[in-house]
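In what follows, a structure is listed as structure tokens, so that the remarks can point back to it.
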Amino acid sequence: MSDRYNPQAIESKWQGRWEADGLYRTDLGDASSKFYYLTMLPYTSGDLHIGHWYSYIGPDIQARYRRMQGQNVFFPIGFDAFGLPAENAAIRQGIHPHKWTYDNIDRMRGQFRSMGAMFDWSKEAITSDPEYYRWNQWFFLKLFEKGLAYRALAPTNWCPSCQTVLANEQVLADGTCERCHTAVTHRDLEQWFLRITNYADELLDFSGLQWPERVITMQRNWIGRSEGVEITFGLDIPGVDQKELRVFTTRPDTVFGVTFMVLAPEHPLVPLITTPDRRAEVEAYVEQARRQTEIERLSTEHEKTGVFTGAYCHNPLSDEDVPIWIADYALLWYGTGAVMGVPAHDQRDFEFAERYGFPVRVVIAPADWDREPLDAAYLESGVMVNSAQFNGFPSAEGKDAVADYVESKGSGRRTVSYRLRDWLISRQRYWGTPIPIVHCPTCGAVPVPEEQLPVILPQDAEFKPTGESPLARHEGFVNTPCPRCQEPARRESDTMDTFMDSNWYFIRYLSPQYDQGPVDPDLAQTWLPVDQYTGGTEHAVMHLLYARFFWKVIRDLGVTLGSEPFIRLFNQGQILGPDGQRMSKSRGNVIAPDEQVARHGADTFRCYLMFIGPWDEGGPFGLEGIAGIWRWLNRAWSLILSEPNFGAAEPATTRNLRRLTHQTIRKATECLEGFHFNTLIAALMEMTNGLIRAREAGPVDRAAWDEATGGLLLMLAPLAPHIAEELWARTGRPYSVHQQAWPSWDADLAREDEVTLVVQVNGKLRDRIQVGADIDEARAKELALASPQVRKHIDNQAVQRVIYVPGKLVNVVVVR
RNA sequence: GCCGAAGUGGCGGAAUUGGCAGACGCGGCAGACUCAAAAUCUGCUGAGGGGUAACCUUCGUGCCGGUUCGAGUCCGGCCUUCGGCACCA
């Protein structure tokens, strides 16, 4: 056995041993002090890069620490395996997406093992396995039964050259296709939606969650709840049955300032109310708006344009008629698809009015209103003016007064609008979960019976994009009898958004082989919700919102598992290349973890990643400092294996050694509780250096030394599991260090006997005095005032007062 | 534009409730070991000024101001960077 630290030899040895022993397999039957530690599952992109290491090492350290704290920790892993990148890579390389994905999983498993992470591989789940996506389909059927899944015509991004629908992320900022750079247009297709908007208010309730405020804010903004009033304007157009035009506003106090009305171009009233002389222009405008992608239409630089429909509507409060225009700044899906134009108090309306010459009528004014023409909308507070019986109401109260009035007159009601839209889950792509629906000419959309699940994704589909879902051209897949009438029918050929897969993977982990339902109900009851979740902020909205939605849907299916799926959430930061840019092959700034593991071992690389800065901040990554960690582990190695001069140690020496041990345990415990891995490592380095000094200084007490070195190894174990295990074994301690209890600290032993009393004159540091830790105020002040340094700076001036901070500081204040 | 976070040595970064600014590490300099180098170990290392010296002294946490005996930390106003949202009526 070599005495040199040789990570390559010990790491694979211990990984094999741990695996053979099932050291990290969790007994889910034992629910006492259970701790479900979840970390976001990786996409099967190919190789684990530095970002993966960074985001999985932190949770691994935490999971190991919790386990040493005596908790029964479940720390599973799986693969998010469906999705576009597999298809794109497959198209590019001529490999089947299935092969591409599963080859990648094999490679990634090996890389995960080289990390030394304590994942429980026996509970692995892969979302592209039929045993997994079968339950996606099962959930879909339940949602369909409950009316929470529905089909509707929806606009999509369409690339006329690739003949395919594009996700918003695939449309470049200039409105062209990311692949062929053709201008993307609109196309309306029948798509499946999930009614997440039914849960909007519930999703705004974050009570009981220990989540970063930032994430909560992002979700709140994403849902975008606005309280307002729907006001019914009158329509009196010959030959039009519709007599009402409903408009949503959050500013009912400005209703007397309406000088025009704007409808979204797609608003269903538009073709009805447009007068014959305006028809050609209106139709041209609608056509042009339809051609634009939503991205273009919503871009900030977009100038406000519109056309007059020729029709007017009646303001029930001011008793005035105002012209109805259409403009693409009105969005069909928000509110009622109509905007009341109040140019004096809304900047968009102001710009529109300036361009088309509508009057700007001030109806909210501050006390010192000077009646000059506005050069921008007035958005500040004030009282209502030019508003008939409401004149004089402060804006806030005016909102209520107008709302009360319209409600009492039956011309409106208080209501709430959301920015959140229903979740579009249809994808016209191959590599995803088939939607379990059959379209029958007589019965319509018929759900596939539960016992026929899973609807298997066929291996032999031609998946190159041609304009419709690849499955639509697979005759064997598409042609099927209608489950209801048995007549020939066609299967739904769209697949599901992959966010469906990640909605509930953490539930599946508990029983990935279970075939009576998505999860073994007993395990679900004991192990859910997740105690701690970690992952990147890029999932602050989509994944984390969809998963919360799904959790509440599951509750409404009759299974209550707690109010929220993830009690505690912590976000790690993102690792960038040395140049501060995102790491990518095309930029050439990628640092491969495998090379670093080969060079210094996994333990050094793990510690280095955690040492470079606060884990929740991330930042540019360079290898400059890795030598420091390598030296430290080598120092620790030789320290632990060295034999100090055991003998009659001075009591003070022993006391100092034990103090170092217990102070470090206290510090390390605090650091782990707060995810401060960088300062945890700093504390262990200090302890290592302190022990080396103690060993050199003279005789050392054997028991105190064993306590110190044992404690150091225990604290090192979560960070650097291999070297800790090796040294634990080499020092004759019983296997395994990872099954030991986290050390506890003793407050008396950690206490300092002496403290440095800082002495200031007028807040400036003038002296430092070593004193006993139990010094009292009088004595401290006396010593401070006696200090020659202090006397020099007082310089015969009158001492005004003396401030004392117990055990820390004396500040002498003299008149200036 | 709005919301949020952050600005500390040559570099990554530390710093309980306001109380020694710069822990820990990198890099640099000097020394030890060595025939030599690498590795390793030891010491020094925020900037300026003074002193042969231990030491003394001024300045210093993006900028300006404030509160306080005392501010990296609290308050007001700017600047910069990074995230998120962005015609949401």
Side-chain angles (χ1 to χ4, degrees), chain A residues 212-222 224-226 228 247-251 254 262 264 297-304 327-331 333-342 345-349 351-352 417-421 537-538 540-541 573-574 576 580 607-608 611-614 616-629 631-632 634-635 638 667 670 676 678-689 692 696 755-768 789 792-793 800-814:
Chain A
E213 201 51 47
R214 182 175 26 132
V215 175
I216 291 178
T217 305
M218 279 165 75
Q219 292 209 352
R220 202 172 271 140
N221 293 341
W222 186 265
R225 184 181 201 273
S226 310
V247 61
F248 174 77
T249 180
T250 55
R251 293 294 305 275
T254 64
V262 175
R297 189 164 146 182
L298 295 184
S299 89
T300 331
E301 294 82 47
H302 198 68
E303 263 195 69
K304 279 169 194 55
D328 59 10
Y329 80 86
L331 307 169
W333 55 268
Y334 188 81
T336 62
V339 177
M340 59 181 213
V342 186
H345 305 293
D346 182 286
Q347 189 56 31
R348 291 153 303 169
D349 297 346
E351 287 166 30
F352 195 72
S417 274
Y418 300 92
R419 180 192 172 280
L420 181 72
R421 286 191 263 179
T537 358
E538 66 272 24
V541 175
Q574 198 181 26
L576 305 170
C607 291
Y608 181 57
F611 183 63
I612 51 176
D616 53 342
E617 282 176 24
F621 178 82
L623 289 164
E624 298 79 25
I626 198 165
I629 296 287
R631 284 178 201 140
W632 168 55
N634 275 282
R635 267 202 316 278
S638 48
K667 174 87 170 130
E670 285 164 3
H676 304 306
N678 55 333
T679 50
L680 165 66
I681 292 170
L684 297 186
M685 284 174 166
E686 282 184 82
M687 183 176 177
T688 308
N689 296 342
I692 291 170
E696 302 307 314
V755 292
T756 305
L757 191 66
V758 172
V759 185
Q760 302 178 330
V761 176
N762 283 345
K764 279 189 200 289
L765 174 73
R766 295 305 176 192
D767 203 0
R768 285 182 250 250
Q789 276 300 317
K792 182 173 130 195
H793 281 92
Q800 206 170 37
R801 51 196 277 218
V802 181
I803 310 264
Y804 177 62
V805 180
K808 273 192 180 160
L809 170 143
V810 176
N811 187 15
V812 180
V813 185
V814 298

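First the proteins, then the strands, lettered A, B, ... as listed; each starts at 1.
Distance check: A:Asn221 CG to A:Arg419 CZ gives 8.0 Å after rounding to the nearest 0.5 Å. Distance OG1/A:Thr249 to CE/A:Met340: 3.5 Å, rounded to 0.5 Å. Here the straight-line distance linking atom CE of A:Met685 with atom OG1 of A:Thr679 works out to 12.0 Å at 0.5 Å rounding.
A:Lys792 comes within 4.0 angstrom of the backbone, heavy atoms only, and of no base. Here A:Arg225 lies out of heavy-atom contact (under 4.0 Å) with every strand. Within 4.0 Å (heavy atoms only), A:Glu538 reaches no atom of the nucleic acid at all. The residue A:Ala540 sits apart from the nucleic acid: no heavy atom pair falls under 4.0 Å. Among the atoms of the strands shown, none is found under 4.0 Å from any heavy atom of A:Pro620.
The nearest pair of heavy atoms linking A:Cys607 to A:Trp632 is SG-CZ3, 4.2 Å. In terms of heavy atoms, A:Tyr608 sits closest to A:Gly622 at OH-O, 2.7 Å.
The glycosidic torsion of B:G9 lies within 90° of 0, placing the base in the syn range.
A:Thr679 has no side-chain polar atom (N or O) that falls below the 4.0 Å cut-off from OP1 or OP2 of B:C24. Using a 4.0 Å cut-off, no side-chain N or O of A:Lys764 falls inside it from OP1 or OP2 of B:A71. Of the side-chain N and O atoms in A:Arg801, one or more sit less than 4.0 angstrom from OP1 or OP2 of B:C69. Side-chain N/O atoms of A:Asn678 include one lying less than 4.0 angstrom from OP1 or OP2 on B:A14. Between A:Gln760 and B:A71, a side-chain N or O to OP1/OP2 separation shorter than 4.0 Å is absent.
B:C69 atom C1' lies 9 Å from atom CD of A:Gln800, rounded to whole Å. To the nearest angstrom, C1' of B:C3 lies 6 Å from CG of A:Asn221. Distance, A:Ile629 CD1 to B:C24 P: 14 Å, rounded to whole Å. Note: CG (A:Leu420) to P (B:C85) measures 14 Å, nearest angstrom. In this entry the distance linking CG of A:Leu680 with C1' of B:G13 reads 15 Å, nearest Å. The interatomic distance linking A:Ile612 (CD1) with B:G27 (C1') rounds to 17 Å, in whole Å. A:Leu765 has its CG atom 10 Å from the P atom of B:G22, to the nearest Å. One interatomic measurement links the two molecules: NZ of A:Lys304 to C1' of B:C87, which rounds to 5 Å at whole-angstrom precision.
Across the C1' atoms, B:G22 and B:G13 are found 10 Å apart, a figure rounded to whole Å. Nucleotides B:C20 and B:A15, compared at atom P, are 13 Å apart to the nearest Å. Comparing the C1' positions of B:G10 and B:G4 gives an interatomic distance of 32 Å, to the nearest angstrom. With P as the reference atom, B:C64 and B:G72 are 14 Å apart, rounded to whole Å. Atom name C1', nucleotides B:G62 and B:C24: the rounded distance is 25 Å, in whole Å. Spacing of C1' atoms, B:C59 relative to B:A14, comes out at 22 Å, to the nearest Å. B:U61 and B:A47 have their C1' atoms separated by 14 Å, with the value rounded to a whole Å. Nucleotides B:G9 and B:G66 are separated by 28 Å at their C1' atoms, to the nearest Å.
Nearer the 5' end of RNA chain B, as judged by each residue's closest nucleotide, is the contact made by A:Leu809, out of A:Leu809 and A:Tyr418. The nearest heavy atom of RNA chain B to A:His793 and to A:Met340 marks one nucleotide each, and the one closer to the 5' end goes with A:His793.
Across all strands shown, B:G7 forms a Watson-Crick or G-U wobble pair, both distances under 3.5 Å, with B:C79. Using Watson-Crick or G-U wobble geometry with both donor-acceptor distances under 3.5 Å, B:C59 finds its partner in B:G46. Under the Watson-Crick and G-U wobble criteria, each requiring two contacts below 3.5 Å, nucleotide B:C2 is paired to B:G84. In this structure B:G18 sits in no base pair that meets the Watson-Crick or G-U test at under 3.5 Å. Pairing for B:G70 is absent, judged as Watson-Crick or G-U wobble with the two contacts each under 3.5 Å. Nucleotide B:U40 is matched to B:A32 when pairs are restricted to Watson-Crick or G-U wobble geometry with both distances under 3.5 angstrom.
For A:Val805, whose side chain is taken as the heavy atoms from C-beta onward, the closest listed nucleotide among B:C20, B:G19, B:C85 is B:G19. If you check B:U57, B:A14, B:C69 against the side chain of A:Gln789, the one that comes closest is B:U57.
Judged purely by atom type and a 3.5 angstrom limit, A:Asn762 uses its side chain to pair as donor or acceptor with the backbone of A:Val814.
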Check nucleotides 38-42 of chain B for protein N or O atoms closer than 3.5 Å to its own N or O atoms and list the pairs.
from: B:U40; atom 1: OP1; to: A:Arg631; atom 2: NE; distance (Å): 3.4

